[in-house]
Amino acid sequence: MQADVAALERACLTALPAPRQAFDGPFVVKVFLGGTGRANAASALDPAPDSGLAARITRIEALYARHGLPCRMRLTPLDPPGLEPLLQTRGYAEGEETVVHAGAVRPLADPAVQVLDGPLPAWMAVVATAEYQTPARRAEKLQMPELLAVPGAWLLLREEGVDAACLFAAADGPWCGIFDLATRPEFRRRGLGERLIRAAAHWAAGLGAEQLWAQVASTNAASLALQHRVGLREVYRYRYRIRPLSAP
């Protein structure tokens, strides 16, 4: 199976739902608690020219303002022509760049990995050790079991009697997205991340998934190397543009 941008963008919408979602033409707009960018951003699903683009962006900005959030646009290869120059003229700041990987990963059952049916306190305690996990992000994770329409698994790996590493996986037909890979600082550089990814592949294979996919910041060299090591390869990249609430 060959990964394509449109399929992976749909998989992202499915695996990372938001309680509020709207469509404006080719754009899907997601609103959550202001935590993770993917659940609090607008993105296009059709790269065709859009004659109503400027008015559409104005409406999307107003929608986010009503919810007290900055307007965050997620720029992908599916953007209509002229979107980024338009955002630049409207005062949007440059955000981080993310690499989207996909590929077949050799599955491996791991007796040290427990598959939970939700983000239980033990899982949340491990994910909280990741530097990027803000309170808003953690609050969003607690709502995931109620929002997720496809099978999800919260994997927890115990090492030396300690809950040492965790990962979240969402299976969606032939795809399985992996997120929230975190390892306690004292257990890092021991290969626990690779074990969790292969355990996630084993869980997903039981549901018919053939490929894993992941999204990681382009500056995160360690995670990029890990994903490459298990067999994931770059398919595309996306970037954020953010307009502060105070922008005119």
Side-chain angles (χ1 to χ4, degrees), residues 1-18 26-30 32 35-50 53 57 60 64 70-105 130-134 137 167-170 172 174-182 193-194 197 200-201 209-243:
M1 181 204 313
Q2 176 145 5
D4 69 82
V5 176
L8 288 172
E9 283 295 292
R10 290 192 296 269
C12 179
L13 292 172
T14 298
L16 298 164
F27 284 81
V28 57
V29 185
K30 301 174 74 175
F32 210 164
T36 179
R38 292 164 297 198
N40 296 274
S43 56
L45 298 174
D46 186 347
D50 182 3
L53 183 61
I57 297 303
I60 292 172
Y64 279 108
C71 185
R72 183 186 277 114
M73 304 296 297
R74 195 165 152 272
L75 305 184
T76 78
L78 301 181
D79 292 342
L83 175 59
E84 186 165 19
L86 175 62
L87 299 181
Q88 289 174 326
T89 66
R90 299 173 77 98
Y92 281 72
E94 185 77 38
E96 70 178 5
E97 179 183 61
T98 298
V99 181
V100 181
H101 282 157
V105 172
E131 293 79 3
Y132 60 88
Q133 290 295 344
T134 64
R137 284 175 178 250
L167 177 147
F168 167 64
D172 178 16
W175 303 102
C176 177
I178 55 173
F179 313 91
D180 297 325
L181 177 59
E194 181 171 344
I197 292 174
E210 302 169 17
Q211 291 204 20
L212 264 58
W213 62 274
Q215 301 172 334
V216 62
S218 62
T219 55
N220 191 337
S223 291
L224 291 169
L226 169 60
Q227 292 179 9
H228 195 270
R229 191 159 61 246
V230 299
L232 303 184
R233 296 295 181 266
E234 181 175 338
V235 181
Y236 65 102
R237 298 186 178 205
Y238 66 81
R239 292 177 295 113
Y240 287 105
R241 283 278 188 175
I242 305 167
R243 187 174 192 263

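FYI, side chains are in, hydrogens and waters are out, and symmetry mates aren't considered; it's all heavy atoms of this structure.
A donor-acceptor pair under 3.5 Å is absent between the side-chain atoms of Tyr92 and the main chain of Met73, judged by distance alone. The closest donor-acceptor contact from the side chain of Thr36 to the backbone of Ala39 lies at 3.5 Å or more, if one exists at all. Asp172 contributes no side-chain N or O that, together with a main-chain N or O of Trp175, makes up a donor-acceptor pair within less than 3.5 Å. The backbone N or O of His228 lies less than 3.5 Å from a partner atom in the side chain of Arg233, making a donor-acceptor pair. Panel note: side chain Asp79, backbone Thr76; a donor-acceptor pair is recorded below 3.5 Å.
Contact annotation: the side chain of Cys176 approaches that of Leu212 to within less than 4.5 Å [non-hydrogen atoms, C-beta and beyond]. The shortest side-chain heavy-atom distance between Ile178 and Val105 does not fall under the 4.5 Å cut-off. Between Pro80 and Asp46, the closest side-chain pair of non-hydrogen atoms is not below 4.5 Å. Counting heavy atoms from C-beta outward, Val216 and Gln227 have side chains that approach closer than 4.5 Å. In this structure, Asp50 and Phe27 have side chains that are in contact, with non-hydrogen atoms separated by less than 4.5 Å. At a threshold of 4.5 Å between non-hydrogen side-chain atoms, the residues Leu83 and Arg241 do not count as touching. At least one side-chain heavy atom of Ile60 sits under 4.5 Å from a side-chain heavy atom of Cys71. Counting heavy atoms from C-beta outward, Leu75 and Leu87 have side chains that approach closer than 4.5 Å.
Across Tyr240 and Arg38, no two heavy atoms sit closer than the pair OH-N, 3.2 Å. Minimum heavy-atom separation, Ala170 to Phe168: CB-CZ, 4.1 Å. Scanning all heavy atoms of the two residues, the minimum distance from Thr14 to Pro17 falls at O-CD, 3.6 Å. Smallest separation of non-hydrogen atoms from Tyr64 and Ala42: OH-N, 3.3 Å.
For the atom pair CD of Gln215 and SG of Cys12, the computed distance is 4.0 Å after rounding to the nearest 0.5 Å. A distance of 5.5 Å separates CG of Leu86 from CG of Leu53, quoted to the nearest 0.5 Å.
Only one option out of Val99, Val100, Leu224 pairs with Glu234 in a side-chain contact (heavy atoms from CB on, under 4.5 Å); it is Val99. With Arg74 as the partner, the salt bridge (charged side-chain N to carboxylate O under 4.0 Å, His left out) test is satisfied by one option alone out of Glu96, Glu9, Glu97: Glu9.
Between Tyr236 and Tyr238, the ring-plane angle classifies as tilted under the 30° and 60° cut-offs.
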For Leu16 and Lys30, run side-chain contact (heavy atoms from CB on, under 4.5 Å): C-alpha distance rounded to whole Å, both residues' side-chain angles, the deciding distance at 0.1 Å, then the answer. CA-CA 10 Å; Leu16 298 164; Lys30 301 174 74 175; 4.3 Å; yes

Residues Leu45, Leu13; criterion side-chain contact (heavy atoms from CB on, under 4.5 Å); working and verdict: CA-CA 11 Å; Leu45 298 174; Leu13 292 172; 4.1 Å; yes

